[in-house]
2 protein chains.
Amino acid sequence: MRIGELSRRTDVSVASIKYYLREGLLPPGELSSPNQAQYDDAHVRRLRLIRALVDVGGLTIAGARDVLAAVDDEQVSLYAALGRAQDAVMTRTEPVDDDATARAEKAVAEMVERRGWTTSETNPGWRTAVDVLAALDRHGGERVAGLLDVYAGAMETVAEHEVAAVVDTEQRERSIERVVTGIVLGGALIAALRGMAEQSAAAARYGGGAAPGGGAV
Amino acid sequence: MRIGELSRRTDVSVASIKYYLREGLLPPGELSSPNQAQYDDAHVRRLRLIRALVDVGGLTIAGARDVLAAVDDEQVSLYAALGRAQDAVMTRTEPVDDDATARAEKAVAEMVERRGWTTSETNPGWRTAVDVLAALDRHGGERVAGLLDVYAGAMETVAEHEVAAVVDTEQRERSIERVVTGIVLGGALIAALRGMAEQSAAAARYGGGAAPGGGAV
DNA sequence: ATGTATGGAGAGTAGGACTATCCGAGTTGG
DNA sequence: CCAACTCGGATAGTCCTACTCTCCATACAT
C-alpha cells in the first residue's frame, strides 16, 4: 500500500506519517521507483504502536524513538529493552545535594536492602525515588514518605506478575514489543486505577459527596 | 523580603518567579508602595510546592495552577481537591469508538463491580483505564491486560493507606496540600519503584546481566 | 491526456515554559 | 545626598516539541 492508504487505515495524517519517517520512528517503505514506496502491515502495526506509546503512554517522540530502536535492534536483550523503556517513561531531574536528599538516599537504600531487591543506583527509578522522597521531605509530606514500604510491596507484587506475563520464549521481536508496551502502558493503567481506588477509599471514609473529575471548572 | 531574596532562598530565578506571578501560581506580594512588594514564608513554601509539582510530579504549569487554585479555594472540599489533582496528573485522550474500546469498557466496569469500588465513569482514571486497556487490546497486549486485577488489588491497598495517611482533621489548607502532594508525588514514587521492582524481578528470572538504565545509548 | 496522489525536503506554525529587555520608581552604601 | 543597585510590572524574544504546509518533479488512474 502507499502512504495514503496507510494513513486511512491508521487514522494518522499523511503529514504525521512523513514526520515519523523523518524522525526514524517508522522505517521507510520499500521503494519501487525512486519516488514511490510500498508500505505493509508491519508499518500499520508500528504506527499503532507509536500512537499507543505517545498518546496513551505519554512518551515524547524522542522517547518513543529510543524505545523503538531497542525493539528493532537484534543486539538488545529483553532485559536491556526493559531499562530503555523505563528511561523513556521516567522524568529526569538534575540532582540536588541537601539534607533531604541524603535522608532520602538512605531511606531508599535501606528499603532495597530490606526487601532484597536486585537493583542498583543506575536504575533510573532509584534516582527518581530519591528525588521524590526528598521533595516530600522538604515539603512536609513525611506521612506519604512513610508509605514507602507499602508502595514497594505493592510494586513488588505487580512486577512479579508483569515479568511472568510478558516474558515468554517466543519470537524475540514480539516479546520485546510486549515488554515495552507493558512497561509504558502498564504505568498509565496503574496511575488510572490508583485514581479510581483513591476516590473509592476517600468515599468510604467520607460517605463520598459528588464524584471528582470531569474536567476543568 | 523582596523578590531577590525570595529567589535566593528557593533557587528559582527572579524571572521565573515573575512568570509564576503572572500565571497566577504564586499569589502577589503585599505592596508597600506602588512598585515595591513584600513576600513572606508562605511564598517560599508555595514556590517549593510549585517546583515539586512541576519538576518531580511532572505537572504542566496550567495543571499546577488548577491544583493550587483548589488548595487556595476555601469552598473546595478535600474530596474535590483529590479529583482536581487527579485531573492534573492524567493525560486526557479523545475517545475512540471501536470494538477494543467496548471490550475495555466492559472489563473495567466488571472489575469495579467485582471489587465493589465506589467510583464512577466521571473519574478521570476510569476513562484512562479504558483507553489503556483498549490500546493493549489493539496491540496484542492481552497478557498485560489480564493483570487488571493484580493492578487493581495493588492500587486498592495503596489507596487505603494513602487516604488514611493523608487525611487528618487538622487545618484544612495543610491537609489539602498534603492530599495534593500525595497524589502527584506518590504517583511519581510508584512509577520509580515499579521500575526498580521490575528490574529486580527480571534479574531473578534471568540471573540479570548488566543493570539497565543510566541514560541514552 | 489530464487531474489527482506521492515521496522527499524545507519552511512555517502553535503551544508551553521560560528569559531578556525596558522603564520609571525605590533603596542603599559611601 | 547622590550614584549604583534593585524592584515591580509589562512586553517581547527565545528555545523546544510536535506537527502541518508548501513545493516540485514524478507516478498513477481514468
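Quick note: numbers below take in every heavy atom, side chains included, and nothing from hydrogens, waters or symmetry partners. A note on names: the letters A, B, ... follow the listed sequences, proteins ahead of strands, and every chain is numbered from 1.
Using a 4.0 Å heavy-atom cutoff across all strands shown, B:L21 reaches no nucleic acid atom at all.
The CD atom of A:E5 sits 16 Å away from the C1' atom of C:dT4 (whole-angstrom rounding). In this structure, A:L26 atom CG and C:dG8 atom P are separated by 12 Å, rounded to whole Å. Protein atom CG of B:L53 is 18 Å distant from nucleotide atom P of C:dG16, rounded to whole Å. Taking atom CG of residue A:L31 and atom C1' of nucleotide C:dT6, one finds them 11 Å apart after rounding to whole Å.
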Would you give me the side-chain donor-acceptor pairs under 3.5 Å for residues 25-33 of chain B, sequence neighbours excluded?
residue	atom	partner	partner atom	Å
B:S32	OG	B:Q36	O	3.4

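Residues forming a ring pair (Phe, Tyr, Trp, His ring centres under 6.0 Å) with B:Y39 (at least two apart in sequence, or on another chain): B:H43. Legend: residues meeting side-chain hydrogen bond (donor to acceptor under 3.5 Å, both in side chains) with A:T181, ordered by chain and number and at least two apart, are absent. A:V108 is linked by a side chain to side chain contact (heavy atoms under 4.5 Å, CB included) to A:V112, A:W126, A:A129, A:V130, A:L133, B:M196, counting only residues two or more places apart in sequence or in another chain. Scored by the side chain to side chain contact (heavy atoms under 4.5 Å, CB included) test, B:R103 finds B:D99, B:A100, B:D137 as partners (sequence neighbours excluded).
The salt bridge (Lys or Arg N to Asp or Glu O under 4.0 Å) contacts involving residues 15-25 of chain A comprise A:E23-A:R65, where partners must be two or more places apart or lie in separate chains. Within the structure, salt bridge (Lys or Arg N to Asp or Glu O under 4.0 Å) contacts touching residues 47-58 of chain A (residues at least two apart or in different chains) are A:R51-A:D55.
Note that the first and last nucleotides of DNA chain D, 5' to 3', having any atom under 4.0 angstrom from a heavy atom of chain B are D:dC7 to D:dT11.
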Under 4.0 Å protein heavy-atom contact, by nucleotide of nucleotides 18-30 of chain C - B base, S sugar-phosphate only: BB----BSSS---
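Between A:R45 and A:D41, no side-chain nitrogen of the basic residue sits less than 4.0 Å from a carboxylate oxygen of the acidic one, so the salt-bridge criterion is not met.
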